[in-house]
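Worksheet for the structure shown next.
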There are 2 protein chains.
Amino acid sequence: MASRMDPLSLEVVELIGTVVGRYYEEYERAAAEHSLTGAQARVLGLLSLEPMPMRRIAQKLKCEPSNVTGIVDRLEARGLVERRPDPADRRVKLAAPTPDGLTTATALRDSLNFAREPLAELSADERRVLRDLLRRMLGS
Amino acid sequence: MASRMDPLSLEVVELIGTVVGRYYEEYERAAAEHSLTGAQARVLGLLSLEPMPMRRIAQKLKCEPSNVTGIVDRLEARGLVERRPDPADRRVKLAAPTPDGLTTATALRDSLNFAREPLAELSADERRVLRDLLRRMLGS
DNA sequence: CGAGTTACTTGACAATCTCAAATATCTCGG
DNA sequence: CCGAGATATTTGAGATTGTCAAGTAACTCG
């Protein structure tokens, strides 16, 4: 039972919850700055790393493929993304960022302030410790 | 520019992004287990700590009060929450969990496994260090 | 008392999400 | 090679979440 967790672990979970809240808030703010919704920003960010089929976007977002159709539709309508045929399989449509989309994706990454402000509180040594603890927590 | 951030900070941000993703996933899963949406689970969780006016729920969720109306409507329709008059101000409606709502909120907290699994990797000492780093990062 | 503010709801609309069904294409056994 | 079944995407219906503007009721204060 979570209610039997020790107070220390409970506090850590509480703190992580706060981090999650701030991160999301910051992400939505950065997306809105570019007139994008959070979902649109996430898809554009994904595609800026590597074009991919609609289905794979759905897997990354953990949602139904039919949902991705609408999100990519809106990004395409704004000229940030385009659908290309997959030469190897005519069923597949590869979503890829346009030059405009790439620019927006980069600007979006740069305006995601979350990192700077909170991490500035920590020294390099502390950041290393934090990195190692997070790595172990995530089992990487 | 975020792109000029040092590699260490970039990695920490990346790791935090992963934590955020897993936490959200886990939260939605736990909510769905009780046939609740994420938003409904968040409101029920809030109210289980302390009944509060609609307006304050909106402030906590950082959304418009009109949005809260619908979410509380659905929780009320399921008998998990009730609206009570505020004796001090007849404009205000206090949302409070029913006994059923409290039970569900507790079950929800207990089924939120996020904490256990990842934190189990860390010793008590390490958890203390993590707590202190997160506290400082969040400026509490 | 009355003007202005505050709390909540309602209605219209957009975006996100799910599910079921339709279409086009691929794959593989026979 | 052909046809059955699987796969990729889209479409359409419907629920939920979110915004904004307008409406109603109740409070506050000069």
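In what follows, every chain begins at residue 1, and chains take the letters A, B, ... in the order their sequences are listed.
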Whether A:Arg90 contacts C:dA24 is assessed here as follows: a side-chain N or O lying under 4.0 Å from the phosphate OP1 or OP2. Is that the case?
no
Salt bridge (charged side-chain N to carboxylate O under 4.0 Å, His left out) partners for [X], two or more places apart:
X: A:Arg74; value: none
X: B:Arg55; value: none
X: A:Asp132; value: A:Arg135
X: B:Glu64; value: none

All side chain to side chain donor-acceptor pair (under 3.5 Å) counterparts of A:Arg91, not counting sequence neighbours
A:Asp89
Compare all side-chain heavy atoms of A:Leu130 with those of A:Leu134 and state whether any distance is below 4.5 angstrom.
yes
Do nucleotides 1-16 of chain C as a string where each nucleotide becomes B, S or -: B if the base has a protein heavy atom under 4.0 Å, S if just the sugar-phosphate does, - if no protein is that close.
-----BSSBB----SB
Please, which pairs that meet salt bridge (Lys or Arg N to Asp or Glu O under 4.0 Å) have at least one residue in residues 35-47 of chain A, sequence neighbours excluded?
none
Below 4.0 Å from chain B heavy atoms, what is the first contacting nucleotide of DNA chain D and what is the last?
D:dT16 to D:dC27
Counterpart residues, ring-ring contact (aromatic ring centres under 6.0 Å, His included), relative to B:Tyr27 (two or more places apart):
none
